[in-house]
Amino acid sequence: MRRLAPRFTALSTLAAVAVLATAGCGLSSSTSQSPGQTTVTVYSPRPSNITDYVVKEFQAAHPEYKVQLLTLGAQEVADRVNAEKTRPQADIWWGGTPSQFEGATAKGLLTPFGADVLSRVPAKFHGTGDAWLAEQQQLQLIAYNHDVIKAADVPNDWADLILPQYKDKILIRDVAPSGTMRSVFSALIYQQYAKASSPQAGYDFLKKLDANTKDYAANPSDLYLRLQRQEAALTIWNQQDILAQAAKGAPFSIKVPASGTPINLDGFAKVKGGPNAAGADAFAGFLLSEKTQAWLAKNAFQIPTVAISEKPDWLAQLTYTELPVDSKVVAANSDTWIQYWIDNIKNRG
């Protein structure tokens, strides 16, 4: 099986229009709701170039709706939806991990979209009880600044990240608020848990990785900036954001670890009891349309869960090995595992 190209340069000419700005946090500025309009409130950690495009095009296609967007980190969205459970304020939760959505499902915070929306996504990408849907698949892998480290010197697999030669050469996005990093670390712990029914060996590995980690970046934009400033040569992140940053000129390349890449399903859901259920269905239907998903694949390096008839060259050429993970086991244990990392491992390696 052919792997992802080790350097982005081969892809850069294929998607030069891609721009992936980092997500800021805050409520979108919006004009007043016009007569006849209703407001659809969306909570999302998705980057602004994605949300800006989708919201603008949705409002143009559906002038009866006005979108109010609140941008937060993925875990912050999960926490906010939970905090508002007695008086939901959001209609759509757009962007998060299976563990986050399954946790919210178990608490009864989500409700299925209408049948038309559900039918657009293959069943294997439906959450428990159809309470959430996966919009895209994200590959999680090793990324590096190719101005600092040669491709041949990049760790070949996850296990290599703890070798002595990589001490202080790794910068990692802080794990607690990051859906991507929570998913990666959970997948790495799971590899050991599957062998011994215990997370201890996984904790031991992450402690050694912590010892090699120079620092934890506060947010994705901080991670990109510091990696570009050559504060460290290596990081762990998702293919979508790294390729998008490279398309903007950052000297970033990716490497799929030899044992495979965890694949994160990035999802969205309808908040139970949200103020505009019809608007939530309309927004979801627009998001899942082939036109929208084709634009996101071409311009934002998304791997869609719905079929698109014309794939951009980078996606048509993409092959990879998946690191096996039992999503149900991870969903059931991820919060415990990550809390252990926070309390016992971070900055203690």
Side-chain angles (χ1 to χ4, degrees), residues 1-23 46-54 56-57 94-95 120-122 124-125 133-147 149-152 154 156 180 184 220 223-224 227-228 235-258 260-268 286-323:
M1 177 177 288
R2 187 173 55 180
R3 300 282 177 77
L4 282 168
R7 291 173 65 90
F8 175 72
T9 49
L11 297 171
S12 59
T13 58
L14 304 177
V17 297
V19 177
L20 190 62
T22 55
R46 304 302 300 279
S48 59
N49 74 308
I50 291 176
T51 55
D52 287 352
Y53 170 81
V54 173
K56 178 182 177 182
E57 294 297 315
W94 178 21
R120 298 188 186 203
V121 179
K124 65 179 181 180
F125 296 124
L133 302 172
E135 182 204 358
Q136 62 162 322
Q137 303 177 77
Q138 283 186 333
L139 311 185
Q140 296 157 331
L141 33 70
I142 296 170
Y144 60 100
N145 183 330
H146 56 244
D147 286 345
I149 187 170
K150 297 177 181 178
V154 174
N156 190 51
T180 294
V184 173
L223 175 69
Y224 308 145
L227 195 64
Q228 197 160 358
T235 192
I236 299 170
W237 201 238
N238 68 70
Q239 119 282 344
Q240 180 187 25
D241 289 359
I242 293 298
L243 295 185
Q245 291 299 315
K248 294 168 63 177
F252 297 168
S253 297
I254 57 177
K255 187 167 190 175
V256 176
T261 169
I263 297 179
N264 182 42
L265 297 179
D266 195 291
F268 68 107
F286 180 83
L287 178 63
L288 292 174
S289 68
E290 180 170 353
K291 179 182 178 181
T292 301
Q293 289 298 313
W295 187 94
L296 292 170
K298 179 180 180 181
N299 296 282
F301 297 100
Q302 286 198 184
I303 304 174
T305 57
V306 303
I308 56 175
S309 56
E310 294 186 10
K311 295 181 179 179
D313 288 344
W314 77 266
L315 182 55
Q317 298 171 12
L318 179 64
T319 56
Y320 50 86
T321 299
E322 181 177 359
L323 189 69

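This one's a predicted model, so the numbers in the text were calculated from it and none came from an experiment. Numbers here simply count residues along the sequence, with the first being 1.
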Okay, side chain of Q239, backbone of V256: is any donor-acceptor separation there less than 3.5 Å? no
How many angstroms lie between atom CD1 of I142 and atom OG1 of T235, to the nearest 0.5 angstrom? 10.0 Å
Can I get a per-line list of side-chain donor-acceptor pairs under 3.5 Å for residues 302-311, giving both atom names and the distance, sequence neighbours left out?
| unit_1 | atom_1 | unit_2 | atom_2 | d |
| --- | --- | --- | --- | --- |
| Q302 | OE1 | R46 | NH2 | 2.3 |
| Q302 | NE2 | E135 | OE2 | 3.4 |
| T305 | OG1 | A134 | O | 2.7 |
| T305 | OG1 | E135 | O | 3.2 |
| S309 | OG | E290 | OE2 | 2.6 |

Among L287, L133, L288, side-chain contact (heavy atoms from CB on, under 4.5 Å) partner for R120: L288
Side-chain (Q240) to main-chain (Q138) donor-acceptor, under 3.5 angstrom: no
Distance-minimising heavy-atom pair for L323 and P262: CB-N, 3.7 Å
I would like to know whether K255 and N156 meet side chain to side chain contact (heavy atoms under 4.5 Å, CB included); could you show each step before the answer? CA-CA 8 Å; K255 187 167 190 175; N156 190 51; 3.8 Å; yes
Starting from the C-alpha separation in whole Å, work towards a yes-or-no answer on side chain to side chain contact (heavy atoms under 4.5 Å, CB included) for Y320 and L141. CA-CA 11 Å; Y320 50 86; L141 33 70; over 6 Å; no
Does the T292 side chain pair with the main chain of F286, one donor and one acceptor, at a distance under 3.5 Å? yes
Mutual orientation of the aromatic rings belonging to Y53 and W295 [parallel < 30°, tilted 30-60°, perpendicular > 60°]: parallel
Side chain to side chain contact (heavy atoms under 4.5 Å, CB included), that's the test. Do F301 and I242 meet it? Break it down for me. CA-CA 9 Å; F301 297 100; I242 293 298; over 6 Å; no
Check whether N145 reaches the backbone of L227 with its side chain - one donor and one acceptor, N or O, closer than 3.5 Å. yes
Does L139 reach the side chain of I263, with side-chain heavy atoms less than 4.5 Å apart? yes
Would you say W237's side chain and I254's backbone share a donor-acceptor pair under 3.5 angstrom? no
Going from CG on D266 to CG on N238, what distance comes out if it is rounded to the nearest 0.5 angstrom? 8.5 Å
Starting at CG of L296, measure out to NZ of K291 and round the result to the nearest 0.5 Å. 12.0 Å
Can any side-chain N or O of S253 pair as donor or acceptor with the backbone N or O of Y144 at less than 3.5 Å? no
Please walk me through it: do Q137 and L265 pass side chain to side chain contact (heavy atoms under 4.5 Å, CB included)? CA-CA 5 Å; Q137 303 177 77; L265 297 179; 3.7 Å; yes
